[in-house]
Every structure is written in C-alpha cells, then in structure tokens.
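Structure record follows, encoded as structure tokens.
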Amino acid sequence: MAGLLLIGTGGTIAATATDTQRLTDYQVTQGIDAMLAAIPGATDIAQVHCEQLFNIDSRALRTSQVIRLARRVRQAADDPAVDGIVITHGTDSLEETAFFLHLTIDTPKPVVLVGAMRPASAPSADGPLNLLNALRVANATDSCERGVLVVMNDSILAGRWAAKSHTTRVDAFGADGLGILGNVCDGAVHYALRPDPRRQPVLPLAGLRSLPMVDIIHDYQDAPLHAYQAAIQAGARGIVVAGMGNGSLSTAAERGCAQAVRKGLVCVRASRVPRGTVTPKASDPGLGLLAAHHLNPLQARILLRVALAHGWTPQAIAQLLADQ
Ligand code: ASP
C-alpha cells in the first residue's frame, strides 16, 4: 500500500525544555518515530514511514546535509510507493531549505516542510497540530502540482515565498499573507491559490556535492568596504548585497562590488527591506551587477550558489533571477 514518507531533521518541533513554562532555550531530544507516535490519530491519515535523516537545530545545518536531504526527497518522489513527503525541520533556516528544494526538485507529489515555534514540552506546543496538518496536506490529492509547501499555524504556504517574519510567535510564517496558498481547518485541506508553473527548468542535483561560497553583505549608512575585501580574499564566488530600498547601494557597496566583479565574482543587488521587488537599473550591466528581482537576499544567495555550481554565466543567472 502506498503512503507518506516522514523525514525528521530536528528543530524546535523535536525539542524539549527543562521547564514547561520555558518557550525558548531548549534542546532537540525527540526522534521522529516518537513524535509521530505521540500524536493521536496521526497514523489514521495514511501509512507513514519514518526516517531520521539527522536530528539537529536548523542553525547547524550544513550545505552537504541539505543536498543529502534533497537527494532523498528526489529518490522518494520517484518511488511509486510514496504518495507524499513530509519533512520536519527547524524554523530558523526552514525557508532556505524550502527554496533549495523549490529550485532543485520537480515532482507532482506533495513535498511539505513543517516545524514548530514552541518546544514539545510547552503547555500549548504547536508542533503536534502542525505535523498532523502537514501529513493531511501531503496526503491530499489537491496538494499535487503545487510545488514545495510549508505548513505552519494552520496555513499552507508556497515554499518559494515562505519567510520567517517573527522570532517567537506561532504565526512566524505567513502572518502578512505572503505566499499563503490555503489552510487546514478541522482536518480539512482547503486551497485558494495555485502557484504559477515554474518558468525555469529545475537546477539538477546530479553532480552537486558542495556549493561555492557566496556571501550576503548587509548594507547601511556609511558602510565600510572591508566586508567586500574579506569576501574576495576568502574565495567567495559571489556576493549578494542586502541593499537599501530598491537595492540601492552605499558608496562602499558600489566600490566593493566593483572590486569583486573585477576579480570575477558575481554580485547581486537584493534588498534589506522584507517586501517588494528589486528592479533592474540601466547602469547594472555596465557595472556587472544583477538585480535580485523578487528574491530576498537568502534566496538570491541560494540561487547564485546552485547556478554557479552548474557553471551558469552571469547573463544566464540574470535571466534565472528574473524568472523566479
Ligand atoms: N532552534 C530551532 C531551529 O532548529 C528554531 C525552530 O525550530 O523554531 O531552527
């Protein structure tokens, strides 16, 4: 019988604190089998096969582990015995994994990331219901062909658009409505939106063992130049500037990028502002700069790393950024 694959990677959803009143400062303690077993009704949804890929805070995830996770998802998506995949994940870097999977995995089957903002020991832990909802979403035929999904706090979000926007609240993802495709209520999965079909082919996982270094440099008034020089010296292949407003650069950022471009790095103008697009400027091509368009600095960095790993030219990367 077909069923769901539940991959555990750790995070707050798998964590407990020493004191039940404590909602921060906790440790990952729970395995994925125990987490599933503790949720009444979870295994009535579908046959669930658990796999513990790792069990750590998402702040500690390394690129090699994210690539390993993506390979496992790719393999499971090709397996006729798997109808859908759920990944438990720390919320701190969940959006980075979601965007990496969005770029590299193309499957009609549901791929759902889920986390929690409160540890399992909290009086109103959000993990059990989030996980139950994620299993329901992964098991729903209506979730097919919607790309990588994130389920948190009753909302179903597009992994392409998911971003954490609060440090501790349970509505840390999607509270501003950005990226919400639907919701889960009383166990029923409802969709209002379907993401546009991707305009770009997936970036293959084949051949990816590691990814080149790309730094994000935050820009601000009277910023110094040394961060750019350090990135160049450290061997970065690209720099994403989290610039001001519509990707405006301070004098140091302009000079730093000019030095980096001369050394062969690819430089992207993104924005430190959480919402909105960074539009291309007439001066960009002459300066060797690329606009991040609709991608935030974290997403632009991931795209740049994967594209550089595949040997894409700056011109091709410019188009890839524009098409996201
Ligand atoms: N420390 C956690 C993490 O692994 C935070 C969370 O999951 O909410 O990202």
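Ligands are counted one by one from 1 in listed order, and the atoms in each one are counted from 1 as well.
- Polar contact check, His89 against ligand 1: no nitrogen or oxygen pair lies under 3.5 Å apart.
- Residue Ser58 places at least one N or O, backbone or side chain, under 3.5 Å from an N or O of ligand 1.
- Every atom of ligand 1 with a heavy atom of Ala116 under 4.0 Å away is listed here by number and element: 6 (C), 7 (O), 8 (O).
- Taking the ring axis of Phe99 as reference, the NZ or CZ atom of Arg160 does not stay both within 45° of it and closer than 6.0 Å to the ring centre.
- For ligand 1 and Gly11, the ligand atoms under 4.0 Å from any heavy atom of the residue are 4 (O), 7 (O).
- Where the criterion is an N or O separation shorter than 3.5 Å, residue side chain and backbone included, Ile13 fails it with respect to ligand 1.
- Taking a cutoff of 4.0 Å between a charged side-chain nitrogen and a carboxylate oxygen, Lys109 and Asp83 do not qualify as a salt bridge.
- Transitive grouping of hydrophobic side chains (ILVMFWY, heavy atoms separated by less than 4.5 Å) brings Leu101 and Leu205 into a common cluster.
- Near Gly90, with a cut-off below 4.0 Å to any heavy atom, the atoms of ligand 1 are 3 (C), 4 (O), 7 (O), 9 (O).
- For Gln27, the CD atom counts as loosely surrounded, since its 6.0 Å shell holds 12 or fewer non-hydrogen atoms of other residues, nucleotides or ligands.
- Among the atoms of Asp92, some N or O lies under 3.5 angstrom from an N or O of ligand 1.
- When the options Thr168, Val170, Thr12 are ranked by their closest heavy atom to atom 6 (C) of ligand 1, first place goes to Thr12.
- Shortest non-hydrogen contact noted between Ser143 and Val137 is OG-O, 2.6 Å.
- The protein heavy-atom contact nearest to atom 1 (N) of ligand 1 is Asp57 OD1, 3.2 Å.
- Other residues, nucleotides and ligands contribute more than 12 heavy atoms inside 6.0 Å of the CZ atom of Arg194.
- Atom 8 (O) of ligand 1 has as its closest protein heavy atom Thr91 OG1, 2.4 Å.
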Could you go through Thr20 and Ser121, starting from their C-alpha distance and side-chain angles, then the distance that decides it, and tell me whether this counts as side-chain hydrogen bond (donor to acceptor under 3.5 Å, both in side chains)? CA-CA 5 Å; Thr20 58; Ser121 49; over 6 Å; no
